[in-house]
Amino acid sequence: MDWEMREKSIQNSKLKNSCLLFPNAPCPMPHAQYPETTMPRTQKNDNFVDKSFTVMADIILKILPTNKKAKEAFVYYRDGMSAQAEGEYAEALEYYEEALTLEEDTNDRGYILYNMGLIYASNGDHNKALELYHQAVELNPRMPQALNNIAVIYHYQGEKEKEAGDNEAGEALFDQAADYWIRAIRMAPNNYIEAQNWLKTTGRSQIDVFF
């Protein structure tokens, strides 16, 4: 099934999460310009998607010409997003795991892994989040939000290394962050403004990054 169609629809219906994980760095989910968390159902918090997405998801489920297994995967994915929106992270991960066992489309598997990464990142397990984001990008290379989140974690880790007195390790992690931000910005040149400014001020931007 084409969840990329879903992704575009979500982005047009207020799907900007503003959960600020890393206050001192461009973070995975800041206000207005960083990655989107695809989460439906009851809106307990203004930072999450309103219930209109659930209606849209049900419509997509009915009209998409897809097989039974793919529809079952989408149901688990939808329920995972719903649980994630309500802060039921353990439940959400169980649904996503079920969706992964059923979903065969690589792009769609990428979206599942991406959302799982968001959960681990929000719980502070940045290494596990990195692992999942990398897997998501391997399956679906056209995911600037995952590339951005990878960059955010590398930037955060770089700051921690510098705070601990290891400037060399910190700069190496900053370089890794720059590489992933550049890739993300090339796909979405109108997004990630803070990251673009950071690249410029640190001398890490490339002349063609915005084209």
Side-chain angles (χ1 to χ4, degrees), residues 1-40 47-50 53 56-57 60 77 81 84-85 105-122 126 129-158 173-211:
M1 75 189 78
D2 188 358
W3 290 357
E4 290 184 274
M5 177 180 70
R6 167 197 55 75
E7 181 78 3
K8 292 176 182 177
S9 298
I10 292 170
Q11 290 174 356
N12 291 329
S13 63
K14 301 185 288 186
L15 190 68
K16 296 291 182 181
N17 189 346
S18 53
C19 174
L20 198 59
L21 295 182
F22 308 133
N24 298 320
C27 66
M29 294 163 284
H31 301 281
Q33 63 216 28
Y34 286 87
E36 306 84 356
T37 305
T38 54
M39 299 183 293
N47 292 340
F48 293 120
V49 190
D50 59 35
F53 179 74
M56 184 183 72
I60 291 174
Y77 180 73
M81 290 190 294
Q84 188 173 0
D105 182 89
T106 55
N107 285 345
D108 296 347
R109 289 176 64 84
Y111 285 117
I112 297 169
L113 291 164
Y114 169 74
N115 272 12
M116 292 174 69
L118 290 175
I119 291 174
Y120 282 100
S122 68
H126 302 138
L130 268 179
E131 177 186 336
L132 290 163
Y133 291 145
H134 278 296
Q135 290 178 22
V137 170
E138 287 177 9
L139 293 173
N140 185 354
R142 302 294 300 177
M143 291 186 72
Q145 64 270 49
L147 294 169
N148 172 73
N149 284 18
I150 292 170
V152 165
I153 293 175
Y154 283 142
H155 184 280
Y156 173 74
Q157 292 176 339
L173 285 162
F174 282 171
D175 287 342
Q176 285 183 281
D179 289 341
Y180 281 93
W181 264 322
I182 288 170
R183 289 172 61 185
I185 292 165
R186 281 179 174 156
M187 292 183 198
N190 295 323
N191 295 341
Y192 317 123
I193 304 303
E194 290 180 33
Q196 292 187 33
N197 291 335
W198 178 82
L199 289 168
K200 289 178 183 177
T201 57
T202 61
R204 288 181 168 87
S205 70
Q206 299 177 4
I207 192 167
D208 65 340
V209 70
F210 307 114
F211 301 95

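Counting begins at 1 with the first residue of the sequence. Here the structure is a predicted model, which means the values were calculated and not measured. Quick note: numbers below take in every heavy atom, side chains included, and nothing from hydrogens, waters or symmetry partners.
Of all the heavy atoms in His155 and Phe174, the pair that sits closest is O-CE2, 3.3 Å. Here the closest heavy-atom approach between residue Gly117 and residue Ala129 is recorded as O-CB, 3.5 Å. The shortest non-hydrogen separation linking Leu139 to Gly110 is CD1-N, 4.2 Å. Ala178 and Leu199 make their closest contact through CB-CD2, 3.6 Å (heavy atoms, listed as atom of the first residue, atom of the second, distance). Between Arg142 and Met187, the closest heavy-atom pair is NH1-CG, 3.7 Å.
Two residues are said to be in side-chain contact when any heavy atoms from C-beta on lie closer than 4.5 Å; Trp181 and Asn148 meet this criterion. In this structure, the side chains of Leu130 and Gln157 come closer than 4.5 Å at one or more pairs of heavy atoms. Residues Gln145 and Tyr192 form a side-chain contact, since some pair of their non-hydrogen atoms from C-beta on lies under 4.5 Å apart.
The CD atom of Gln135 lies 5.5 Å from the CG atom of Leu113; values are rounded to the nearest 0.5 Å. Here CH2 of Trp198 is found 4.5 Å from CZ of Arg204. Values are rounded to the nearest 0.5 Å. Here the CG-CG distance, from Leu132 to Leu118, works out to 9.5 Å after rounding to the nearest 0.5 Å. For the atom pair CD1 of Ile112 and CG of Asn107, the computed distance is 11.5 Å after rounding to the nearest 0.5 Å.
Gln196 places a side-chain N or O within 3.5 Å of a backbone atom of Asn191 that can act as its donor or acceptor partner. Remark: the backbone N or O of Met116 is not paired with any side-chain donor or acceptor of Gln84 at under 3.5 angstrom.
Asp179 is linked by a salt bridge (charged side-chain N to carboxylate O under 4.0 Å, His left out) to nothing, counting only residues two or more places apart in sequence or in another chain.
Aromatic ring pairs are classed by plane angle as parallel below 30°, tilted from 30° to 60° and perpendicular above 60°; the pair Tyr180 and His134 is perpendicular.
A side-chain donor from one of Tyr133 and Asn149 sits under 3.5 Å from a side-chain acceptor of the other.
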